Amino acid sequence: MSTEQEIFSPLPLDFYDQPTLQLAPALLGCLLVKETSEGTASGIIVETEAYKGPFDQAAHSFKSRRTKRTEIMFGTSGSTYTYVMHTHCLMNVVSGGVDVPEAVLIRAVEPYSGLSLIHSRRPKAKNERQLTNGPGKLCKALGISMEDYGHRLDQPPLWIASGPDRDKFVTKAGPRVGIDNTGEAKFYPWRFWIQDNRFVSR
DNA sequence: ACACTGATAGACT
DNA sequence: GTCTATCAGTGTC
């Protein structure tokens, strides 16, 4: 059993120096923590998706498209890539190292701490599952926004820690979600989740 | 199952 | 300047 301090202690930046397809499943079971003036909330990462820039038609950085939005993906691993879609914000972890525009999308978490804060931020959730079982929902629940764009994930106010009870789950892989019209890329099994966890988005 | 929402970037004229 | 698509979520049919 880990101590409270170990559970919440930020992972070092070099943790993100591993191949994106290895990092995505490695993030499962880790704790995503956000500190705000309202308090601190956290959730265990239970679902991720890998996006491999230049060769991945589903990625914003396909063919190394370098723009204001994708710029952070060309930077160092372990930075935050936030992106606004419709009315919601989605969070990605930059990987691949400098000049390799890859990232891992955090698709779902299981609420771990700051439950009352999470509930107050997600008044429309009709049950516990709906608090954080989607990429836009978890950002709202934890208070993650465009202000976190470019933030390094080894320090407050936003970081990822090793989390409790590591390795006590089975990892599954399958096709990614919400990426129609992307040809072959649609079928790559680059989505990873914790088997039987009820907060997985689908 | 379906449509409405509506921020922002990127492509195009 | 204008048009369109987007790594969703929600309410309604």
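These numbers were taken from a predicted model, which means no experiment stands behind them. Quick note: numbers below take in every heavy atom, side chains included, and nothing from hydrogens, waters or symmetry partners. Sequence lines set the chain letters: A, B, ... in the order given, protein chains first and strands last, and positions in each chain run from 1.
For the pair A/R176 and A/F187, the cation does not sit on the ring face, since its NZ or CZ is not both under 6.0 Å from the ring centre and inside 45° of the axis.
Minimum atom distance to the side chain of A/H86 is reached by C/dA8, of the listed C/dA8, B/dA9, C/dG9. With B/dA11, C/dG9, B/dA9 as the candidates, the nucleotide lying closest to the side chain of A/R65 is B/dA11. Closest approach to the A/R69 side chain among C/dG11, B/dA9, B/dG6 is made by B/dA9 (side chain taken as heavy atoms from C-beta onward).
Straight-line distance from the CD atom of A/Q130 to the C1' atom of C/dA8: 14 Å, rounded to whole Å. What separates CG of A/N133 from P of C/dT10 is a distance of 9 Å, to the nearest Å. For the pair A/D180 CG and C/dT6 P, the interatomic distance rounds to 9 Å; values are reported in whole Å. Put simply, CE on A/M85 is 9 Å from C1' on C/dG9, counting in whole angstrom units. Computed from coordinates, the A/H88 NE2 to C/dA5 P distance equals 20 Å when rounded to whole Å. Computed from coordinates, the A/L138 CG to C/dG9 P distance equals 9 Å when rounded to whole Å. To the nearest angstrom, P of C/dT12 lies 11 Å from NZ of A/K124. A/N181 places its CG atom 17 Å from the P atom of B/dA11, with the value rounded to the nearest Å.
Closest heavy-atom contact between A/A41 and A/R121: CB-NH1, 4.0 Å. Here the closest non-hydrogen pair linking A/R191 and A/E47 is NE-OE2, 2.7 Å.
Counting non-hydrogen atoms under 4.0 angstrom, A/R122 reaches the backbone sugars and phosphates but no base. Across all strands shown, A/K140 has no heavy atoms under 4.0 Å from either base or sugar-phosphate atoms. The residue A/I179 sits close only to the backbone: its heavy atoms come under 4.0 Å of sugar-phosphate atoms, none of a base. A/K186 comes within contact range of no nucleotide atom at all, as no heavy-atom separation falls under 4.0 Å.
Shown here, B/dT8 forms a base pair with C/dA5; the pair counts as Watson-Crick or G-U wobble because both key distances fall under 3.5 Å.
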Verify salt bridge (Lys or Arg N to Asp or Glu O under 4.0 Å) between A/D196 and A/K172, making sure each step is shown before the conclusion.
CA-CA 10 Å; A/D196 296 330; A/K172 303 286 282 183; over 6 Å; no

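Counting atom types as modelled, A/Y83 pairs no side-chain N or O with a base atom of B/dT8 as donor and acceptor under 3.5 Å.
Taking 4.0 angstrom as the limit, A/K68 places none of its side-chain polar atoms (N or O) nearer than this to OP1 or OP2 of B/dT8. Proximity of A/K137 to the phosphate of C/dT10: a side-chain N or O atom is located under 4.0 Å from OP1 or OP2.
Of the residues near DNA chain C, A/K126 and A/A103, the one whose nearest nucleotide (by heavy atom distance) lies more toward the 5' end is A/A103.
Within 6.0 Å of atom CD in A/Q195, more than 12 heavy atoms from other residues, nucleotides or ligands are found, so the atom counts as buried in its surroundings.
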